[in-house]
Chemist: 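Once you've had a glance at the structure underneath, I'll fire off some questions.
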Number of protein chains: 2
Amino acid sequence: MMSYKIKSRIWIEGKKGTFLAEGRVALMKQIIETGSISSAAKAMKMSYKKAWEIIDGMNKEAKKPLVVRVSGGKGGGGTQVTEEGIKAIKLFDKLNKKCQKYLDKEVSKLDL
Amino acid sequence: MMSYKIKSRIWIEGKKGTFLAEGRVALMKQIIETGSISSAAKAMKMSYKKAWEIIDGMNKEAKKPLVVRVSGGKGGGGTQVTEEGIKAIKLFDKLNKKCQKYLDKEVSKLDL
DNA sequence: TTTCGTTATATAAACAAATATACAACGAAA
DNA sequence: TTTCGTTGTATATTTGTTTATATAACGAAA
């Protein structure tokens, strides 16, 4: 009857805290677009502090850094997403889609 | 290498809001144990108001009530989880386990 | 050496969420 | 009719989270 919808949220945890999650991936995508944490935060209407903390926490859980930050220099510096970061984005998006697809299939068997 | 763990959270949405979710199911289980919203809330160290709102929201999204509440009467009244409620608990727990199992399997292929 | 806009950091202010408190309504049983 | 502990509801308080603000550090390039 399609009365109900199943929703899900996934995230990946490292030893001390969250590694990858939806917001983190979205922020990385925005950094790719804009070239810096500050402009990415602005575009997402997020405070710089929060954005910085997300990036910092993510890098601390990563084996190789997902983003590299440069302070000072031409234009004041900036932040770049590494190859590892791009891999992480793709991995997360893929897992997320698979999870939702699986759940939709399971629920469709159930006539809720 | 087992460095990372995948985590997930699922919930079921009705037309106007959340129907089933982890906290709601836990509360129903506690109501089965204790026989009332107030004592269940106390046992879970949750405010009565929050517990009441959870139950209210859940019943509003349910086709048949998952809990029946009686105010007044012997002992002041109480709350009981219906057969529908018990079915809902089992359904949710099963879906939740399946989801986590699926994700663990997917992640195990990935050598994170 | 000066300039630039960024990163990095601390603290204050604003906002949101949860809790605590109080009290009316309820109705079966004594 | 009175009693009981619950449900139901509103409001004030507390707590926690998020944002805003300010400022130092940075370092390549002009």
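Side chains are part of it too, since the values below use all heavy atoms of this structure and drop only hydrogens, waters and symmetry mates. Throughout, protein chains are lettered first and strands after them, A, B, ... in sequence-line order, and every chain is numbered starting at 1.
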Chemist: With a cut-off of 6.0 Å (strictly less than), are more than 12 heavy atoms of other residues, nucleotides or ligands near CD of A:E84?
Modeler: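 Count over threshold, so yes.
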
Chemist: Is the closest side-chain donor-acceptor distance between A:S8 and A:Q100 under 3.5 Å?
Modeler: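 The criterion, which ignores hydrogens and geometry beyond distance, is satisfied for A:Q100 and A:S8.
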
Chemist: With distance as the sole criterion, is a donor-acceptor pair present between the side chains of B:K63 and A:S3 under 3.5 Å?
Modeler: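 Indeed, the side chains of B:K63 and A:S3 share at least one donor-acceptor pair under 3.5 Å.
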
Chemist: At their closest point, which heavy atom of B:V81 faces which heavy atom of B:M28, and how far apart are they?
Modeler: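 So the two residues come closest at CG2-O, 3.6 Å.
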
Chemist: Quick check on contacts: within residues 42-55 of chain B, what sits under 4.0 Å from DNA chain D by heavy-atom distance?
Modeler: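 Result for residues 42-55 of chain B: B:Y48, B:K49, B:W52, sorted by number.
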
Chemist: Is there a salt bridge (Lys or Arg N to Asp or Glu O under 4.0 Å) between A:D93 and A:K29 once you walk through the steps?
Modeler: CA-CA 11 Å; A:D93 282 348; A:K29 287 175 179 171; 2.9 Å; yes

Chemist: Which one is paired to D:dT3, where only Watson-Crick or G-U wobble pairs with both distances under 3.5 angstrom count?
Modeler: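 The answer is C:dA28, by the H-bond criterion.
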
Chemist: Taking 4.0 angstrom as the limit, do A:K98 and B:E106 come out as a salt bridge?
Modeler: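 Salt bridge present between A:K98 and B:E106.
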
Chemist: To the nearest angstrom, how far is A:D56 atom CG from C:dT7 atom C1'?
Modeler: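 So the two atoms are 11 Å apart, to the nearest Å.
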
Chemist: If you count heavy atoms of other groups shown closer than 6.0 angstrom to NZ of B:K109, is the number above 12?
Modeler: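 More than 12 within 6.0 Å, yes.
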
Chemist: Tell me, which of residues 59-78 of chain A have any heavy atom that sits under 4.0 Å from an atom in DNA chain D?
Modeler: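 Going residue by residue through residues 59-78 of chain A, the ones with a heavy atom under 4.0 Å of DNA chain D turn out to be A:S71, A:G72, A:G73, A:K74.
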
Chemist: Quiz question: by atom type and distance under 3.5 Å, do the side chains of B:T82 and B:K64 form a donor-acceptor pair?
Modeler: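 On atom types as modelled, these side chains do not qualify, holding no pair under 3.5 Å.
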
Chemist: Quick one: is D:dT7 close enough that its OP1 or OP2 comes under 4.0 Å of any side-chain N or O from B:T79?
Modeler: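 Looking at the OP1 and OP2 atoms of D:dT7, one of them is under 4.0 Å from a side-chain N or O of B:T79.
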
